[in-house]
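Sequential numbering from 1 along the given sequence is applied to the chain's residues.
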Amino acid sequence: MKKSLQRIEDFYMSKGYKGDGLRKILSKDKEYQKLLQERKQKLTKKISLTKTEKKKYVMSVDEDYEILSKVKQLEKLNLNNQERLLIKFIRTIRQNFANI
């Protein structure tokens, strides 16, 4: 059975890795990196990321791309100040959550 990103990540988490330690061990896992590159190529065809977004966000799962896509759609709408603040807050949460 072919491994998935989630399955590989779950394996390392069960070994006690989390946060930066998990990120470091996953960066060294060749199978994980191969699957990650395949997924990124597939997903970036659907959603283009700016250089800043690539640096700022960890885009490792489909959900990350879906959320960013929806945020970008919302940003294109005519929003009031409170709504724009909420969208900015969502971006901040995604960025900070990825750093945990």
Side-chain angles (χ1 to χ4, degrees):
M1 178 164 58
K2 185 177 179 182
K3 288 189 176 182
S4 68
L5 291 171
Q6 189 62 55
R7 189 173 243 174
I8 295 170
E9 186 175 325
D10 289 345
F11 169 77
Y12 286 116
M13 289 178 75
S14 72
K15 298 286 185 185
Y17 290 97
K18 61 182 177 179
D20 285 335
L22 178 62
R23 201 169 290 127
K24 285 179 185 178
I25 197 77
L26 290 174
S27 71
K28 294 176 184 177
D29 187 299
K30 291 179 183 180
E31 187 173 14
Y32 183 88
Q33 290 303 313
K34 180 183 174 196
L35 290 171
L36 184 62
Q37 287 305 316
E38 289 172 2
R39 174 168 279 167
K40 282 184 179 183
Q41 287 175 352
K42 177 184 160 192
L43 293 173
T44 53
K45 288 179 184 176
K46 294 180 186 178
I47 303 166
S48 60
L49 300 174
T50 65
K51 286 183 180 182
T52 304
E53 290 169 338
K54 287 178 184 178
K55 288 181 183 177
K56 212 181 251 192
Y57 305 116
V58 177
M59 306 294 286
S60 60
V61 295
D62 293 347
E63 183 182 66
D64 295 329
Y65 285 90
E66 290 174 26
I67 291 169
L68 187 58
S69 173
K70 292 191 186 312
V71 166
K72 286 183 174 194
Q73 288 174 354
L74 288 169
E75 289 173 334
K76 291 179 182 178
L77 299 175
N78 187 18
L79 303 174
N80 65 37
N81 287 341
Q82 289 178 330
E83 292 166 332
R84 280 193 297 272
L85 184 62
L86 182 59
I87 297 303
K88 186 176 180 179
F89 180 67
I90 291 169
R91 277 186 175 268
T92 304
I93 288 174
R94 291 304 296 170
Q95 177 185 356
N96 290 333
F97 183 69
N99 292 330
I100 295 176

Subject >> Joint hydrophobic cluster, I67 plus L85, side-chain heavy atoms closer than 4.5 Å >> reply: no
Which residues pass the side-chain contact (heavy atoms from CB on, under 4.5 Å) test with [X], not counting sequence neighbours?
X: N80; result: Q82, E83
X: Q33; result: S27, L36
X: T50; result: T52, E53
X: K15; result: F11, Y17

Subject >> Presence of salt bridge, R7 and D10, under 4.0 angstrom >> reply: no
Close side-chain approach of [X] and [Y], heavy atoms under 4.5 Å:
X: L86; Y: L74; result: no
X: Y32; Y: K3; result: no
X: K30; Y: K34; result: no
X: E75; Y: K88; result: no

Original post:
Of all residues at least two apart in sequence or in a different chain, which pass the side chain to side chain donor-acceptor pair (under 3.5 Å) check with N81?
Top reply: R84
Subject >> Shortest non-hydrogen separation from L22 to M13 and the atoms involved >> reply: CD2-CG, 3.8 Å
Distance, nearest 0.5 Å, that separates [atom1] of [X] from [atom2] of [Y]:
X: K72; Y: Y65; atom1: NZ; atom2: OH; answer: 10.5 Å
X: E31; Y: L26; atom1: CD; atom2: CG; answer: 11.5 Å
X: L35; Y: D29; atom1: CG; atom2: CG; answer: 8.5 Å
X: D20; Y: K24; atom1: CG; atom2: NZ; answer: 6.0 Å

